[in-house]
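Everything on this sheet refers to the single structure shown next.
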Amino acid sequence: QVQLVEYGGGLVQAGGSLRLGCTASGGIFRTMSMAWFRQAPGKEREFVAAQSWSTSVTYYGDSVKGRFTISRDNAKNTTYLQMISLKLDDTAVYYCAARLWGNARHQADDYDYWGQGTQVTVSS
């Protein structure tokens with residue numbers, strides 16, 4: 001059983017930066033493809049970013065391209081989401097997801113395990 005724990009959310013002003021982290025336990029992290037999704041109140045879950053286990057494949061949602069960067073540290077069993085130039089529309093609960101086999105995907109259904117989420121609130 002894989003467990004994912006996100007951290008790093010909080011309140012930030014528009015234009016600011018945050019770095020989210022997600023630490024995995026209970027599996028072989030270096031073989032997992034990892035992703036971040038987000039969900040704002042009243043909206044569907046949205047794909048943010050994903051990175052394959054080999055780091056050779058990386059995807060970003062259109063709304064975050066050029067502002068967000070996904071990365072990983074296999075020694076720490078952790079994936080990160082660096083967010084810069086934050087906008088009001090980035091306010092959401094951010095979820096980390098793990099796919100045990102295969103490369104990264106955009107669809108939430110392709111992921112096997114999910115974290116509990118961390119709130120990011122961007123204020124004006």
Could you see if [X] belongs to whatever hydrophobic cluster contains [Y]? Use Ile, Leu, Val, Met, Phe, Trp, Tyr and a side-chain cutoff under 4.5 Å.
{"X": "Leu4", "Y": "Tyr94", "answer": "no"}
{"X": "Val122", "Y": "Val93", "answer": "no"}
{"X": "Leu88", "Y": "Val64", "answer": "yes"}
{"X": "Val57", "Y": "Trp101", "answer": "no"}

Query raised in the report: Phe29 ring centre to Arg72 NZ or CZ under 6.0 Å, with the angle to the axis within 45°?
Result: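 Yes, Arg72 lies over the aromatic ring of Phe29.
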
**Report entry** Geometric cation-pi criterion, Arg45 with Trp114: 6.0 Å, 45°
**Finding:**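 Pair Arg45/Trp114 counts as cation-pi.
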
Can you see which heavy atom on [X] is nearest to which on [Y], and at what distance?
{"X": "Tyr60", "Y": "Ala49", "answer": "CD2-CB, 3.6 Å"}
{"X": "Phe47", "Y": "Gly61", "answer": "CE2-N, 3.6 Å"}
{"X": "Gln39", "Y": "Tyr95", "answer": "CB-CE1, 4.2 Å"}
{"X": "Glu6", "Y": "Trp36", "answer": "CG-CZ3, 3.9 Å"}
{"X": "Ala104", "Y": "Ser52", "answer": "N-OG, 2.8 Å"}
{"X": "Leu100", "Y": "Asp112", "answer": "N-OD2, 2.8 Å"}

Atom pair [atom1]/[atom2] of [X] and [Y] - distance to nearest 0.5 Å:
{"X": "Ser33", "Y": "Asp110", "atom1": "OG", "atom2": "CG", "result": "10.5 Å"}
{"X": "Tyr113", "Y": "Met34", "atom1": "OH", "atom2": "CE", "result": "12.5 Å"}
{"X": "Met32", "Y": "Asn74", "atom1": "CE", "atom2": "CG", "result": "10.0 Å"}
{"X": "Tyr59", "Y": "His106", "atom1": "OH", "atom2": "NE2", "result": "6.0 Å"}
{"X": "Ile70", "Y": "Cys96", "atom1": "CD1", "atom2": "SG", "result": "8.0 Å"}
{"X": "Leu81", "Y": "Thr118", "atom1": "CG", "atom2": "OG1", "result": "11.0 Å"}

Report task. For Gln3, look at atom CD and say whether over 12 heavy atoms of other residues, nucleotides or ligands are found less than 6.0 Å away. Result -> no

Query - Residues Lys87, Asp90; criterion salt bridge (charged side-chain N to carboxylate O under 4.0 Å, His left out); working and verdict - result: CA-CA 5 Å; Lys87 304 175 181 179; Asp90 294 320; over 6 Å; no

Query raised in the report: So, the side chain of Thr69 versus the backbone of Gln82: is there a donor-acceptor pair under 3.5 Å, distance only?
Result: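 Pair absent, no side-chain N/O of Thr69 close to backbone of Gln82.
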
Query raised in the report: Short question: side chain of Arg105, backbone of Gln107 - any donor-acceptor pair under 3.5 Å?
Result: no

Please output the side-chain donor-acceptor pairs of residues 10-28 that fall under 3.5 Å, not counting sequence neighbours, one pair per line with the distance.
unit_1: Thr23; atom_1: OG1; unit_2: Thr78; atom_2: OG1; d: 3.0

Query raised in the report: Would you say the side-chain atoms of Ser63 and Glu46 include a donor-acceptor pair closer than 3.5 Å?
Result: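 Yes.
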
Requested in this report: Walk me through it: do Asn77 and Arg30 pass the test side-chain contact (heavy atoms from CB on, under 4.5 Å)?
Outcome: CA-CA 8 Å; Asn77 290 352; Arg30 67 179 184 275; over 6 Å; no

